[in-house]
Amino acid sequence: MKFTSSQALARAFALQTAATPWDRATAFDAVIDQTISSQQIVGLTVIAAKSGRIVYERSAGFGDREAGRAVEPNEVYRLASMTKAVVCITALALIQKGKMSLDDPVSRWLPYFRPGTRDGKQPVITVHHLMTHTAGLTYGFLEAEDGPYHKLGVSDGLDNGHLTLEENLRRLASAPLLYEPGTSWGYSLAIDVLGAVIEAVAQARLQDVVKTLVTDPLGLESMAFSVPTSTVVATPYADTQKPPVRMTDAFSLKFDQGSIVYSPSRAFNANAFPSGGVGMVGTARDYLTFLDALRTGGNGILEPAIVSAFASNAIGNLSVSIAGPGYGWGLGVAVLKDPNAAGLRSRQGSWNWSGVYGTSFWVDPSAELSVVALTNTAIGGMAGTFPTSLRRAAYAD
(Lines give C-alpha, C1' and ligand atoms only; values in the text may rest on other atoms or scores of the structure.)
Protein backbone atom coordinates (compact mmCIF):
# COMPACT_ATOMS: atom_id res chain seq x y z
CA MET A 1 0.00 0.00 0.00
CA LYS A 2 1.33 3.41 -0.93
CA PHE A 3 0.46 6.44 1.17
CA THR A 4 0.41 9.98 -0.16
CA SER A 5 0.31 11.76 3.18
CA SER A 6 0.89 11.20 6.88
CA GLN A 7 -2.83 11.65 7.45
CA ALA A 8 -3.61 8.84 5.02
CA LEU A 9 -1.16 6.58 6.80
CA ALA A 10 -2.66 7.38 10.20
CA ARG A 11 -6.17 6.64 8.90
CA ALA A 12 -4.99 3.37 7.37
CA PHE A 13 -3.92 2.11 10.79
CA ALA A 14 -6.55 2.46 13.49
CA LEU A 15 -6.92 0.02 16.36
CA GLN A 16 -10.53 -1.08 16.70
CA THR A 17 -12.32 -1.95 19.93
CA ALA A 18 -13.20 -5.64 20.12
CA ALA A 19 -16.89 -6.49 20.05
CA THR A 20 -16.46 -9.47 22.41
CA PRO A 21 -14.89 -9.40 25.91
CA TRP A 22 -11.29 -10.51 26.32
CA ASP A 23 -10.86 -13.61 28.46
CA ARG A 24 -7.99 -12.00 30.42
CA ALA A 25 -9.86 -8.81 31.34
CA THR A 26 -10.97 -10.11 34.74
CA ALA A 27 -7.40 -11.12 35.59
CA PHE A 28 -6.13 -7.66 34.59
CA ASP A 29 -8.84 -6.02 36.71
CA ALA A 30 -7.79 -8.08 39.73
CA VAL A 31 -4.15 -7.02 39.39
CA ILE A 32 -5.11 -3.36 39.02
CA ASP A 33 -7.57 -3.43 41.93
CA GLN A 34 -4.94 -4.97 44.22
CA THR A 35 -2.26 -2.55 43.05
CA ILE A 36 -4.35 0.56 43.69
CA SER A 37 -5.97 -0.60 46.95
CA SER A 38 -2.58 -1.55 48.41
CA GLN A 39 -1.18 1.88 47.44
CA GLN A 40 1.70 0.37 45.49
CA ILE A 41 0.91 2.69 42.58
CA VAL A 42 -0.80 6.08 42.73
CA GLY A 43 -2.27 6.13 39.20
CA LEU A 44 -2.13 4.01 36.06
CA THR A 45 -3.47 3.29 32.60
CA VAL A 46 -3.37 -0.17 31.04
CA ILE A 47 -4.32 -0.91 27.45
CA ALA A 48 -4.00 -4.11 25.43
CA ALA A 49 -4.59 -5.03 21.79
CA LYS A 50 -5.05 -8.53 20.42
CA SER A 51 -4.99 -9.20 16.70
CA GLY A 52 -5.23 -5.47 15.99
CA ARG A 53 -8.21 -4.81 18.26
CA ILE A 54 -8.22 -3.09 21.64
CA VAL A 55 -9.42 -5.75 24.06
CA TYR A 56 -8.70 -3.97 27.33
CA GLU A 57 -8.41 -0.35 28.44
CA ARG A 58 -8.63 0.91 31.99
CA SER A 59 -7.40 3.84 34.06
CA ALA A 60 -7.36 3.78 37.86
CA GLY A 61 -6.10 5.79 40.81
CA PHE A 62 -4.99 9.40 40.83
CA GLY A 63 -3.33 11.49 38.18
CA ASP A 64 -2.79 14.02 40.97
CA ARG A 65 -3.46 12.55 44.41
CA GLU A 66 -3.15 15.79 46.37
CA ALA A 67 -5.61 17.58 44.08
CA GLY A 68 -7.96 14.62 44.13
CA ARG A 69 -7.81 14.34 40.34
CA ALA A 70 -8.49 10.86 39.02
CA VAL A 71 -6.47 9.49 36.09
CA GLU A 72 -8.10 10.68 32.90
CA PRO A 73 -8.88 8.33 29.97
CA ASN A 74 -6.18 9.99 27.83
CA GLU A 75 -3.74 10.75 30.64
CA VAL A 76 -0.33 11.93 29.44
CA TYR A 77 2.60 10.23 31.16
CA ARG A 78 6.36 10.70 31.16
CA LEU A 79 7.58 7.76 29.07
CA ALA A 80 11.23 7.82 30.17
CA SER A 81 13.13 4.95 28.50
CA MET A 82 10.15 3.91 26.41
CA THR A 83 11.41 6.85 24.32
CA LYS A 84 14.30 4.67 23.15
CA ALA A 85 12.18 2.46 20.91
CA VAL A 86 10.70 5.51 19.17
CA VAL A 87 14.13 7.05 18.52
CA CYS A 88 15.57 3.75 17.30
CA ILE A 89 12.68 3.36 14.86
CA THR A 90 13.42 6.91 13.65
CA ALA A 91 17.03 5.92 13.02
CA LEU A 92 15.91 2.80 11.15
CA ALA A 93 13.64 4.93 8.98
CA LEU A 94 16.68 7.00 7.98
CA ILE A 95 18.63 3.81 7.30
CA GLN A 96 15.78 2.57 5.12
CA LYS A 97 16.02 5.81 3.15
CA GLY A 98 19.73 5.24 2.61
CA LYS A 99 20.71 8.29 4.64
CA MET A 100 22.88 6.36 7.11
CA SER A 101 24.01 2.82 7.92
CA LEU A 102 24.27 0.59 10.97
CA ASP A 103 27.96 0.25 10.17
CA ASP A 104 28.62 4.00 10.08
CA PRO A 105 31.20 5.15 12.62
CA VAL A 106 29.56 7.59 14.99
CA SER A 107 32.48 9.94 14.38
CA ARG A 108 31.38 10.26 10.73
CA TRP A 109 28.38 12.23 11.96
CA LEU A 110 29.74 13.53 15.27
CA PRO A 111 33.47 14.21 14.75
CA TYR A 112 33.86 15.32 18.36
CA PHE A 113 32.52 12.04 19.78
CA ARG A 114 35.60 9.84 20.12
CA PRO A 115 35.72 8.44 23.66
CA GLY A 116 38.65 6.21 24.55
CA THR A 117 39.27 3.24 26.80
CA ARG A 118 41.17 3.47 30.06
CA ASP A 119 44.30 2.09 28.41
CA GLY A 120 44.38 4.90 25.85
CA LYS A 121 42.81 3.18 22.85
CA GLN A 122 40.25 5.05 20.77
CA PRO A 123 38.09 2.31 19.23
CA VAL A 124 35.49 2.85 16.53
CA ILE A 125 31.94 3.10 17.82
CA THR A 126 29.26 2.38 15.22
CA VAL A 127 25.56 3.16 14.97
CA HIS A 128 24.95 -0.55 15.58
CA HIS A 129 26.87 -0.31 18.86
CA LEU A 130 24.66 2.58 19.94
CA MET A 131 21.38 0.86 19.09
CA THR A 132 22.39 -2.35 20.84
CA HIS A 133 23.95 -0.73 23.95
CA THR A 134 27.32 -2.32 23.21
CA ALA A 135 29.24 0.95 22.76
CA GLY A 136 31.01 0.90 26.14
CA LEU A 137 28.91 3.69 27.65
CA THR A 138 26.74 3.71 30.79
CA TYR A 139 24.38 5.98 32.74
CA GLY A 140 25.35 8.21 35.63
CA PHE A 141 22.72 6.58 37.85
CA LEU A 142 24.40 3.20 37.27
CA GLU A 143 27.81 4.31 38.52
CA ALA A 144 29.01 5.24 41.98
CA GLU A 145 28.38 8.79 43.16
CA ASP A 146 32.06 9.66 42.64
CA GLY A 147 32.18 8.11 39.14
CA PRO A 148 33.48 9.90 36.04
CA TYR A 149 30.04 10.83 34.68
CA HIS A 150 29.25 12.64 37.93
CA LYS A 151 32.64 14.37 37.98
CA LEU A 152 32.14 15.55 34.38
CA GLY A 153 28.55 16.70 35.01
CA VAL A 154 27.07 14.38 32.38
CA SER A 155 23.26 14.56 32.27
CA ASP A 156 21.22 11.36 32.12
CA GLY A 157 18.53 13.36 30.29
CA LEU A 158 16.10 13.39 33.21
CA ASP A 159 17.24 16.59 34.92
CA ASN A 160 16.23 20.10 33.92
CA GLY A 161 19.66 21.56 33.32
CA HIS A 162 20.71 24.01 30.65
CA LEU A 163 23.18 21.91 28.68
CA THR A 164 22.78 21.55 24.95
CA LEU A 165 22.84 18.04 23.51
CA GLU A 166 26.29 18.62 22.02
CA GLU A 167 27.68 19.98 25.29
CA ASN A 168 26.40 16.93 27.13
CA LEU A 169 27.86 14.51 24.60
CA ARG A 170 31.21 16.30 24.64
CA ARG A 171 31.31 15.69 28.38
CA LEU A 172 30.29 12.08 27.82
CA ALA A 173 33.08 11.63 25.27
CA SER A 174 35.59 12.74 27.91
CA ALA A 175 34.71 9.80 30.15
CA PRO A 176 36.52 6.49 29.58
CA LEU A 177 34.63 3.66 27.91
CA LEU A 178 33.78 0.77 30.19
CA TYR A 179 34.79 -1.83 27.61
CA GLU A 180 35.80 -2.27 23.98
CA PRO A 181 32.70 -1.65 21.81
CA GLY A 182 30.95 -4.85 20.80
CA THR A 183 32.44 -6.99 23.57
CA SER A 184 29.79 -6.51 26.25
CA TRP A 185 26.29 -5.11 26.83
CA GLY A 186 25.64 -2.17 29.14
CA TYR A 187 22.54 -0.01 29.47
CA SER A 188 23.57 3.50 28.63
CA LEU A 189 23.26 6.98 27.17
CA ALA A 190 23.86 5.47 23.74
CA ILE A 191 20.42 6.45 22.46
CA ASP A 192 21.06 10.08 23.42
CA VAL A 193 24.14 9.83 21.20
CA LEU A 194 21.97 8.22 18.52
CA GLY A 195 19.64 11.20 18.77
CA ALA A 196 22.52 13.52 17.95
CA VAL A 197 23.49 11.29 15.00
CA ILE A 198 19.91 11.52 13.73
CA GLU A 199 20.08 15.32 13.95
CA ALA A 200 23.35 15.37 11.99
CA VAL A 201 22.04 13.00 9.32
CA ALA A 202 18.70 14.77 8.87
CA GLN A 203 20.04 18.29 9.48
CA ALA A 204 17.05 18.91 11.72
CA ARG A 205 16.17 18.78 15.40
CA LEU A 206 15.54 15.31 16.80
CA GLN A 207 11.99 16.19 17.85
CA ASP A 208 11.20 17.30 14.30
CA VAL A 209 12.67 14.17 12.70
CA VAL A 210 10.73 11.91 15.08
CA LYS A 211 7.58 13.86 14.29
CA THR A 212 8.10 13.65 10.53
CA LEU A 213 9.09 9.99 10.30
CA VAL A 214 7.14 8.34 13.12
CA THR A 215 4.59 10.19 15.23
CA ASP A 216 2.85 12.23 12.51
CA PRO A 217 2.52 9.32 10.07
CA LEU A 218 0.91 7.20 12.80
CA GLY A 219 -1.24 10.02 14.16
CA LEU A 220 0.41 9.99 17.61
CA GLU A 221 -0.50 13.51 18.62
CA SER A 222 0.31 13.15 22.32
CA MET A 223 3.88 11.91 21.89
CA ALA A 224 6.46 14.69 22.11
CA PHE A 225 9.66 15.76 23.85
CA SER A 226 7.94 18.69 25.54
CA VAL A 227 4.41 19.97 25.97
CA PRO A 228 2.88 23.36 26.82
CA THR A 229 2.55 24.13 30.53
CA SER A 230 -1.22 24.02 30.12
CA THR A 231 -1.05 20.29 29.30
CA VAL A 232 -2.27 17.99 32.07
CA VAL A 233 0.49 15.45 32.71
CA ALA A 234 0.36 12.75 35.37
CA THR A 235 1.97 13.93 38.60
CA PRO A 236 5.00 11.71 39.34
CA TYR A 237 5.48 9.85 42.62
CA ALA A 238 8.25 7.72 44.10
CA ASP A 239 7.76 4.55 46.11
CA THR A 240 10.58 5.34 48.51
CA GLN A 241 7.95 4.87 51.22
CA LYS A 242 4.32 3.76 51.44
CA PRO A 243 2.19 5.44 50.30
CA PRO A 244 4.44 6.79 47.53
CA VAL A 245 5.67 10.37 47.92
CA ARG A 246 5.07 13.18 45.44
CA MET A 247 8.24 14.04 43.52
CA THR A 248 9.74 17.45 43.98
CA ASP A 249 11.79 19.21 41.31
CA ALA A 250 14.50 17.87 41.50
CA PHE A 251 14.01 14.50 43.20
CA SER A 252 16.72 11.94 43.93
CA LEU A 253 15.89 8.24 44.12
CA LYS A 254 18.51 5.68 45.13
CA PHE A 255 19.16 3.16 42.33
CA ASP A 256 21.91 0.59 41.91
CA GLN A 257 25.25 2.20 42.86
CA GLY A 258 23.95 5.72 42.44
CA SER A 259 20.75 7.71 42.26
CA ILE A 260 18.30 8.71 39.56
CA VAL A 261 17.75 12.47 39.61
CA TYR A 262 14.34 13.42 38.25
CA SER A 263 13.13 16.86 37.24
CA PRO A 264 9.45 16.47 36.35
CA SER A 265 9.37 20.06 35.04
CA ARG A 266 11.57 19.02 32.10
CA ALA A 267 8.45 17.77 30.31
CA PHE A 268 7.35 21.40 29.98
CA ASN A 269 10.75 22.83 29.04
CA ALA A 270 10.92 23.26 25.26
CA ASN A 271 14.51 24.50 25.62
CA ALA A 272 15.81 21.32 27.23
CA PHE A 273 17.80 19.17 24.82
CA PRO A 274 15.73 16.30 23.37
CA SER A 275 16.93 13.21 25.21
CA GLY A 276 16.68 10.28 22.81
CA GLY A 277 16.91 7.93 25.77
CA VAL A 278 14.31 9.24 28.19
CA GLY A 279 12.73 12.47 26.97
CA MET A 280 9.24 11.82 25.59
CA VAL A 281 5.72 12.00 27.00
CA GLY A 282 2.55 10.46 25.63
CA THR A 283 -0.64 8.51 26.23
CA ALA A 284 -1.03 4.77 26.57
CA ARG A 285 -3.32 4.59 23.55
CA ASP A 286 -0.84 6.40 21.30
CA TYR A 287 2.02 4.21 22.45
CA LEU A 288 -0.07 1.11 21.80
CA THR A 289 -0.75 2.36 18.28
CA PHE A 290 3.00 2.73 17.78
CA LEU A 291 3.69 -0.80 19.04
CA ASP A 292 0.97 -2.47 17.04
CA ALA A 293 2.12 -0.71 13.88
CA LEU A 294 5.47 -2.40 14.41
CA ARG A 295 3.95 -5.75 15.37
CA THR A 296 2.05 -5.83 12.09
CA GLY A 297 5.14 -5.11 9.96
CA GLY A 298 5.74 -1.37 10.09
CA ASN A 299 2.54 -0.07 8.53
CA GLY A 300 4.34 2.12 6.04
CA ILE A 301 6.87 3.79 8.32
CA LEU A 302 9.27 0.83 7.95
CA GLU A 303 9.57 -2.23 5.75
CA PRO A 304 8.68 -5.52 7.50
CA ALA A 305 12.25 -6.84 7.21
CA ILE A 306 13.60 -3.82 9.07
CA VAL A 307 10.97 -4.14 11.80
CA SER A 308 11.96 -7.80 12.12
CA ALA A 309 15.60 -6.78 12.63
CA PHE A 310 14.54 -4.20 15.24
CA ALA A 311 12.81 -6.92 17.28
CA SER A 312 15.37 -9.73 16.81
CA ASN A 313 18.39 -10.45 18.96
CA ALA A 314 21.38 -8.57 17.52
CA ILE A 315 24.07 -9.18 20.14
CA GLY A 316 24.70 -12.93 20.02
CA ASN A 317 25.19 -14.45 23.45
CA LEU A 318 26.11 -11.27 25.32
CA SER A 319 24.37 -11.04 28.69
CA VAL A 320 21.67 -8.36 29.02
CA SER A 321 22.15 -7.90 32.73
CA ILE A 322 19.44 -5.35 33.42
CA ALA A 323 16.75 -7.38 31.63
CA GLY A 324 17.61 -10.62 33.40
CA PRO A 325 18.19 -14.19 32.19
CA GLY A 326 16.71 -15.39 28.93
CA TYR A 327 17.00 -12.04 27.13
CA GLY A 328 18.94 -10.67 24.19
CA TRP A 329 18.76 -7.22 22.65
CA GLY A 330 17.55 -6.05 19.27
CA LEU A 331 17.97 -2.66 17.62
CA GLY A 332 16.17 -0.83 20.41
CA VAL A 333 14.31 -3.32 22.63
CA ALA A 334 14.90 -6.34 24.86
CA VAL A 335 14.13 -9.59 23.03
CA LEU A 336 13.00 -12.76 24.80
CA LYS A 337 15.21 -15.67 23.73
CA ASP A 338 14.35 -18.23 26.42
CA PRO A 339 10.98 -17.89 28.23
CA ASN A 340 11.87 -20.68 30.68
CA ALA A 341 15.09 -18.95 31.74
CA ALA A 342 13.17 -15.71 32.15
CA GLY A 343 10.36 -17.41 34.08
CA LEU A 344 7.72 -16.07 31.69
CA ARG A 345 4.83 -17.48 29.68
CA SER A 346 5.42 -14.98 26.90
CA ARG A 347 6.54 -16.62 23.69
CA GLN A 348 10.07 -16.65 22.36
CA GLY A 349 10.55 -13.55 20.22
CA SER A 350 8.46 -11.31 22.44
CA TRP A 351 9.99 -7.88 22.97
CA ASN A 352 9.63 -5.23 25.65
CA TRP A 353 11.04 -2.36 27.63
CA SER A 354 10.14 0.05 30.41
CA GLY A 355 10.88 3.47 31.90
CA VAL A 356 12.06 4.80 35.27
CA TYR A 357 9.03 7.05 35.79
CA GLY A 358 7.06 3.79 36.15
CA THR A 359 6.13 2.63 32.66
CA SER A 360 6.38 -0.60 30.68
CA PHE A 361 5.23 -2.45 27.58
CA TRP A 362 5.55 -5.80 25.89
CA VAL A 363 4.69 -7.22 22.49
CA ASP A 364 4.12 -10.93 21.89
CA PRO A 365 3.99 -11.42 18.11
CA SER A 366 3.05 -15.11 18.33
CA ALA A 367 0.02 -14.27 20.45
CA GLU A 368 -0.70 -11.13 18.37
CA LEU A 369 -0.69 -9.27 21.69
CA SER A 370 0.56 -5.77 22.57
CA VAL A 371 0.25 -4.34 26.10
CA VAL A 372 1.11 -0.91 27.48
CA ALA A 373 1.08 -0.18 31.22
CA LEU A 374 1.81 3.43 32.16
CA THR A 375 1.94 4.53 35.79
CA ASN A 376 3.03 7.68 37.57
CA THR A 377 4.96 5.81 40.26
CA ALA A 378 8.69 5.05 40.20
CA ILE A 379 10.20 2.54 40.41
CA GLY A 380 7.39 0.10 41.16
CA GLY A 381 5.45 0.83 38.00
CA MET A 382 8.48 -0.23 35.99
CA ALA A 383 9.99 -3.15 37.87
CA GLY A 384 7.85 -3.97 40.88
CA THR A 385 5.04 -6.40 41.63
CA PHE A 386 2.56 -4.62 39.37
CA PRO A 387 4.19 -5.09 35.94
CA THR A 388 5.20 -8.65 36.82
CA SER A 389 1.70 -9.58 37.99
CA LEU A 390 0.10 -7.96 34.96
CA ARG A 391 2.28 -9.92 32.58
CA ARG A 392 1.50 -13.17 34.37
CA ALA A 393 -2.21 -12.35 34.26
CA ALA A 394 -2.09 -12.12 30.47
CA TYR A 395 -1.08 -15.79 30.22
CA ALA A 396 -2.60 -17.42 33.28
CA ASP A 397 -4.77 -20.53 32.86
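Please read these numbers as outputs of a predicted model, since none were measured by experiment.
Atom-to-atom distance recorded for Phe28:CZ and Ile47:CD1 is 11.5 Å, nearest 0.5 angstrom. Here the straight-line distance linking atom OG1 of Thr215 with atom CG of Leu220 works out to 6.0 Å at 0.5 Å rounding. Here the CG-CD distance, from Leu336 to Gln348, works out to 7.5 Å after rounding to the nearest 0.5 Å. How far CG of Leu331 is from NE2 of His133: 10.5 Å, rounded to the nearest 0.5 Å. Once rounded to the nearest 0.5 Å, the distance linking CG of Asn376 with CZ of Arg246 reads 10.0 Å. Atom OG in Ser59 sits 8.5 Å away from atom CD1 in Ile32 (nearest 0.5 Å).
Side-chain atoms of Thr296 come within 3.5 Å of backbone atoms of Ala293 as a donor-acceptor pair (strictly under, hydrogens ignored). The backbone N or O of Pro387 lies less than 3.5 Å from no partner atom in the side chain of Arg392, so there is not a single donor-acceptor pair. Under the 3.5 Å distance criterion, the side-chain polar atoms of Gln39 are left unmatched by any main-chain donor or acceptor of Ile36. Checking side-chain atoms of Thr377 against main-chain N and O of Val42 turns up a donor-acceptor pair under 3.5 Å. The closest donor-acceptor contact from the side chain of Asp192 to the backbone of Ser275 lies at 3.5 Å or more, if one exists at all. Between the Glu143 side chain and the Tyr149 main chain, a donor and an acceptor come within less than 3.5 Å of each other. Although no hydrogens or angles enter the test, the distance criterion places no donor-acceptor pair under 3.5 Å between the side chain of Gln257 and the main chain of Glu145. Without hydrogens or angle criteria, Gln40 side chain to Pro243 main chain gives no donor-acceptor distance under 3.5 Å.
Counting non-hydrogen atoms of neighbouring residues, nucleotides and ligands closer than 6.0 angstrom, the CG atom of Asp119 exceeds 12 such neighbours. More than 12 heavy-atom neighbours from other residues, nucleotides or ligands sit within 6.0 angstrom of NZ on Lys254. Summarising the local packing, CD of Glu221 is surrounded by 12 or fewer heavy atoms from other residues, nucleotides or ligands at distances under 6.0 Å. For Lys337, the NZ atom is densely surrounded, since the number of other residues' heavy atoms within 6.0 Å is greater than 12.
Residues Val46 and Glu57 fail the side-chain proximity criterion, which asks for heavy atoms closer than 4.5 Å. Using a 4.5 Å heavy-atom cutoff, the side chains of Phe273 and Phe225 are not in contact. Put simply, the side chain of Pro274 does not reach to within 4.5 Å of the side chain of Arg205, judged on heavy atoms. Using a 4.5 Å cut-off on side-chain heavy atoms (C-beta onward), Arg345 and Pro339 make no contact. Considering only heavy atoms from C-beta on, Val86 comes within 4.5 Å of Met223 through its side chain. A heavy-atom distance below 4.5 Å is found between the side chains of Thr375 and Phe386. Counting heavy atoms from C-beta on, the side chains of Ser354 and Met82 never come closer than 4.5 Å. The shortest side-chain heavy-atom distance between Leu294 and Val363 does not fall under the 4.5 Å cut-off.
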- Task: Could you check Val245 against Thr240 for side-chain contact (heavy atoms from CB on, under 4.5 Å), going step by step and ending with a plain yes or no?
- Result: CA-CA 7 Å; Val245 299; Thr240 52; 3.5 Å; yes

- Begin with the C-alpha distance, continue with both residues' side-chain angles, and end with the deciding distance and a verdict on side-chain contact (heavy atoms from CB on, under 4.5 Å) for Val210 and Thr90. CA-CA 6 Å; Val210 170; Thr90 304; 3.5 Å; yes

- Verify salt bridge (charged side-chain N to carboxylate O under 4.0 Å, His left out) between Asp249 and Arg266, making sure each step is shown before the conclusion. CA-CA 9 Å; Asp249 205 300; Arg266 187 186 180 103; over 6 Å; no

- Task: Please assess Leu92 against Met131 for the test side-chain contact (heavy atoms from CB on, under 4.5 Å), listing each intermediate value before the final yes or no.
- Result: CA-CA 10 Å; Leu92 289 171; Met131 296 180 74; 3.7 Å; yes

- So Ile306 and Ile95, side-chain contact (heavy atoms from CB on, under 4.5 Å) or not? Walk me through it. CA-CA 9 Å; Ile306 296 180; Ile95 289 171; 5.6 Å; no

- Item | Derivation of the side-chain hydrogen bond (donor to acceptor under 3.5 Å, both in side chains) call for Glu75 and Thr283 | CA-CA 6 Å; Glu75 190 83 17; Thr283 65; over 6 Å; no

- Message: Using the rule given for side-chain hydrogen bond (donor to acceptor under 3.5 Å, both in side chains), can you reason through Thr138 versus Ser188, listing the C-alpha separation, both sets of side-chain angles and the distance that settles it, and then say yes or no?
- Response: CA-CA 4 Å; Thr138 187; Ser188 71; over 6 Å; no

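Taking the charged nitrogens against the carboxylate oxygens, Asp292 and Arg295 do have a contact shorter than 4.0 Å, which makes a salt bridge. The existence of a salt bridge linking Asp146 and Lys151 is excluded, since no basic side-chain nitrogen approaches an acidic carboxylate oxygen closer than 4.0 Å. In summary, Glu166 and Arg170 engage in a salt bridge, as defined by a charged side-chain N under 4.0 Å from a carboxylate O. Ion pair Asp33/Arg58 flagged as a salt bridge, since at least one NZ, NE, NH1 or NH2 atom sits closer than 4.0 Å to an Asp/Glu carboxylate oxygen. Arg347 and Glu368 are not joined by a salt bridge, as no carboxylate oxygen comes within less than 4.0 angstrom of a charged side-chain nitrogen. For Glu66 and Arg69, the salt-bridge test fails: no basic side-chain N is under 4.0 Å from an acidic carboxylate O.
Using modelled atom types, one finds a donor on one side chain and an acceptor on the other under 3.5 Å when comparing Trp109 with Asp104. Using a 3.5 Å distance cut-off with no hydrogens or angles, the side chains of Asn269 and Ser226 do not pair a donor with an acceptor. A side-chain donor-acceptor contact under 3.5 Å links Thr132 and Thr134. At a cut-off of 3.5 Å, with distance as the only test, no side-chain donor of Asn168 or Ser155 sits close to an acceptor on the other residue. Using a 3.5 Å distance cut-off with no hydrogens or angles, the side chains of Thr359 and Tyr77 do not pair a donor with an acceptor. Residues Asp286 and Ser222 bring a donor and an acceptor atom of their side chains to less than 3.5 Å of each other. Between the side chains of Glu180 and Thr117, no donor N or O sits under 3.5 Å from an acceptor N or O. Donor-acceptor pairing under 3.5 Å is recorded for the side chains of Ser346 and Arg391. Between the side chains of Tyr139 and Asp256, no donor N or O sits under 3.5 Å from an acceptor N or O.
Leu169 and Ala196 make their closest contact through CD1-CB, 3.4 Å (heavy atoms, listed as atom of the first residue, atom of the second, distance). Nearest heavy-atom pair across Leu318 and Gly182 is CD1-O, 4.0 Å. Annotation for Leu390 and Val31: closest pair N-CG1, 3.9 Å, computed over non-hydrogen atoms.
Under the 6.0 Å cut-off for aromatic ring centres, Trp185 and Trp329 qualify, their centroids lying closer than that.
Geometrically, Arg285 does not engage Phe290 in a cation-pi contact defined by less than 6.0 Å to the ring centre and at most 45° from the axis.
Between Trp362 and Tyr395, the ring planes are tilted. Angles from 30° to 60° get that label.
Residue Trp353 is tested with Tyr187, Tyr327, Phe361, Tyr287 for a ring-ring contact (aromatic ring centres under 6.0 Å, His included); the sole match is Tyr187.
Criterion: ILVMFWY side-chain heavy atoms under 4.5 Å apart, direct or through other members. Under it, Val261 and Met247 are not part of a common hydrophobic cluster.
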